[in-house]
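Here's the structure we're looking at; comments come further down.
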Amino acid sequence: MRTNDTYTPDRLSGISAFVAAVDAGSFAGAAERLHLTRSAVAKRIARLETRLGVRLFHRTTRSQHLTDEGQTFYQRCTKVLSELSEAEDELSAGSQTPMGRLRVTMPVQIGRQCIAPVLLTLAKSHSQLRLEMSFCDHRIDLIEEGFDLAVRSGRLDDTPGLKARPLAEQTMLLCASPAYLSEHDAPQTTADLAHHERLMYGRGGNLYQWPALSMPPEAMSRAPRFVFDDLVALVTAAEQGLGIAYVPRWVAMHQLDAGTLVHLLPQTYAPGTPLHLVWPDTRHPSPKLRAAIDALLASAPTWT
């Protein structure tokens, strides 16, 4: 039988050294991570470059930067090493224990307040699970960036290679502080909102209107005094008695429980933006991924 010597330990060690050098920002940093000498790391990367026939780094006496070829190769290598790590995890501990590195990306504010606490609790229960959480409001390429799971807000595009599952719907509500309501009559209908100060969310010069509430035209035409591109700051302004806020329940739930905000017009149901869990499509999701998905699905009713 003909054997293929392409997949040799030296080949894999060169790839590991290369990825470690990129992640650490230097050969010295890679050597520390891999418990090798700096010269050993340099030799492995040099052999890798020779075998590939390309230069992976632009090197100077003070810095090193990836070449275009090096950047492309790095993205491929991180994906391969992640898959190898996942395969090892599946074969370890009866293939059922969540373990290894789990990389999750999520929107900043809901991630900090709702998603991260669930994942941290999961990690406390599984000592071999390592978490890397990225908080950003723009959508990234999960496969290209090497993420295991994403929490995404809003409409999903049909993206090949990804699977998705609904997580929750962000129920919207109106709220104001007791101090504000002591100075202004609480609205009894949505039409009454025309006579109140609205605390508005806006970004990039665009205001997020209150479409689900059938606001009267006079209220819509009046320019708001306060506009925020941060939901936490908006809720803080409502606590300080500056007006009425229209926000997802999760962002104000602690203030509502504490009584620093009051839920207005609770009979008015206002569906909000959907949340989804998204992950790279694999035939056998790893135990760590399944555990994270299950934990988030179980927690969602407590904050939506």
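Sequential numbering from 1 along the given sequence is applied to the chain's residues. This structure is a prediction, so every number in the text was calculated from the model and none was measured.
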For the residue pair [X] and [Y], what are the closest heavy atoms and their distance?
{"X": "Ala17", "Y": "Ile45", "answer": "O-CD1, 3.8 Å"}
{"X": "Thr67", "Y": "Gly70", "answer": "OG1-N, 2.9 Å"}
{"X": "His276", "Y": "Gly154", "answer": "ND1-O, 3.9 Å"}
{"X": "Leu66", "Y": "His58", "answer": "O-CD2, 4.0 Å"}
{"X": "Glu49", "Y": "Leu56", "answer": "OE2-N, 2.8 Å"}
{"X": "Gly241", "Y": "Ser177", "answer": "CA-OG, 3.3 Å"}

Show, in sequence, the C-alpha distance, side-chain angles and deciding distance for Val247 and Leu174, and conclude whether the side-chain contact (heavy atoms from CB on, under 4.5 Å) test is met. CA-CA 7 Å; Val247 293; Leu174 290 159; over 6 Å; no

[X] [atom1] to [Y] [atom2] distance, which is reported to the nearest 0.5 Å:
{"X": "Leu261", "Y": "Leu173", "atom1": "CG", "atom2": "CG", "answer": "9.0 Å"}
{"X": "Leu289", "Y": "Trp279", "atom1": "CG", "atom2": "CH2", "answer": "7.0 Å"}
{"X": "Glu132", "Y": "Arg103", "atom1": "CD", "atom2": "CZ", "answer": "5.0 Å"}
{"X": "Tyr180", "Y": "Gln240", "atom1": "OH", "atom2": "CD", "answer": "14.5 Å"}
{"X": "Gln267", "Y": "Gln188", "atom1": "CD", "atom2": "CD", "answer": "8.5 Å"}
{"X": "Leu264", "Y": "Thr190", "atom1": "CG", "atom2": "OG1", "answer": "12.5 Å"}

Report the C-alpha separation of Ile244 and His196 in whole Å, then their side-chain angles, then the decisive distance to 0.1 Å, and conclude whether the side-chain contact (heavy atoms from CB on, under 4.5 Å) test is met. CA-CA 7 Å; Ile244 294 177; His196 287 269; 3.7 Å; yes

CD (Glu32) with more than 12 external heavy atoms under 6.0 Å: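 No, the 6.0 Å shell around CD holds no more than 12 heavy atoms from other groups.
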
Verify the neighbour count for atom CG of Asp185: are there more than 12 heavy atoms of other residues, nucleotides or ligands below 6.0 Å?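 No, CG of Asp185 has 12 or fewer neighbouring heavy atoms, counting only those of other groups under 6.0 Å.
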
With a 4.5 Å limit on heavy-atom distance, are the side chains of Glu239 and Gln255 in contact?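 SC-SC contact between Glu239 and Gln255 confirmed.
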
Is there a donor-acceptor contact under 3.5 Å from the side chain of [X] to the main chain of [Y]?
{"X": "Thr260", "Y": "Leu256", "result": "no"}
{"X": "Lys79", "Y": "Gly146", "result": "no"}
{"X": "Asp137", "Y": "Val108", "result": "yes"}
{"X": "Asp192", "Y": "Thr189", "result": "yes"}
{"X": "His138", "Y": "Pro107", "result": "no"}

Where does the angle between the aromatic ring planes of Phe18 and Phe73 fall among parallel (under 30°), tilted (30 to 60°) and perpendicular (over 60°)?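 Taking Phe73 first and then Phe18, their aromatic rings sit tilted (interplane angle of 30° to 60°).
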
Can you confirm whether or not the ring centre of Tyr74 sits under 6.0 Å from the ring centre of Phe57?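 No; Phe57 has its ring centre 6.0 Å or more from that of Tyr74.
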
Per-pair distances, 0.1 Å, donor-acceptor, side chain in residues 223-235, under 3.5 Å, sequence neighbours excluded:
unit_1, atom_1, unit_2, atom_2, d
Asp230, OD1, Gln109, NE2, 3.2
Asp230, OD1, Val232, N, 3.0
Asp230, OD1, Ala233, N, 2.8
Asp230, OD2, Gln109, NE2, 2.5

Under 3.5 Å, which donor-acceptor pairs link side chains of residues 113-127 to any protein atom two or more places apart or in another chain?
unit_1, atom_1, unit_2, atom_2, d
Gln113, NE2, Trp250, O, 2.4
Thr121, OG1, Pro117, O, 2.9
Ser125, OG, Thr121, O, 3.4

Using a strict threshold of under 4.0 Å (side-chain N to carboxylate O), is an ion pair present between Glu144 and Arg139?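 Judged by the 4.0 Å cut-off on N to carboxylate O distance, Arg139 and Glu144 do not form a salt bridge.
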
Ion pair present between Glu69 and Arg55, side-chain N to carboxylate O less than 4.0 angstrom?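 Looking at Glu69 and Arg55, the cut-off is not met.
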
Stepwise, does the ring-ring contact (aromatic ring centres under 6.0 Å, His included) test hold for Tyr246 with Tyr201? CA-CA 8 Å; Tyr246 180 58; Tyr201 179 84; over 10 Å; no

Applying a strict under-4.5 Å side-chain criterion to I, L, V, M, F, W and Y, I'd like to know whether [X] and [Y] cluster together.
{"X": "Leu149", "Y": "Val278", "result": "no"}
{"X": "Ile140", "Y": "Phe135", "result": "no"}
{"X": "Leu167", "Y": "Phe147", "result": "no"}
{"X": "Tyr208", "Y": "Leu275", "result": "yes"}
{"X": "Ile143", "Y": "Val104", "result": "no"}

List, one per line, each side-chain donor-acceptor pair under 3.5 Å for residues 294-304, sequence neighbours excluded.
unit_1, atom_1, unit_2, atom_2, d
Ser299, OG, Leu296, O, 3.1
Ser299, OG, Trp303, NE1, 3.4
Thr302, OG1, Ser299, O, 2.6
Trp303, NE1, Ser299, O, 3.3
Thr304, OG1, Ala300, O, 2.9

Yes or no on side-chain contact (heavy atoms from CB on, under 4.5 Å) for Met133 and Met106, after CA distance, side-chain angles and deciding distance? CA-CA 8 Å; Met133 291 183 279; Met106 63 200 80; 3.9 Å; yes

Stepwise, does the side-chain contact (heavy atoms from CB on, under 4.5 Å) test hold for Cys175 with Val262? CA-CA 5 Å; Cys175 57; Val262 177; over 6 Å; no

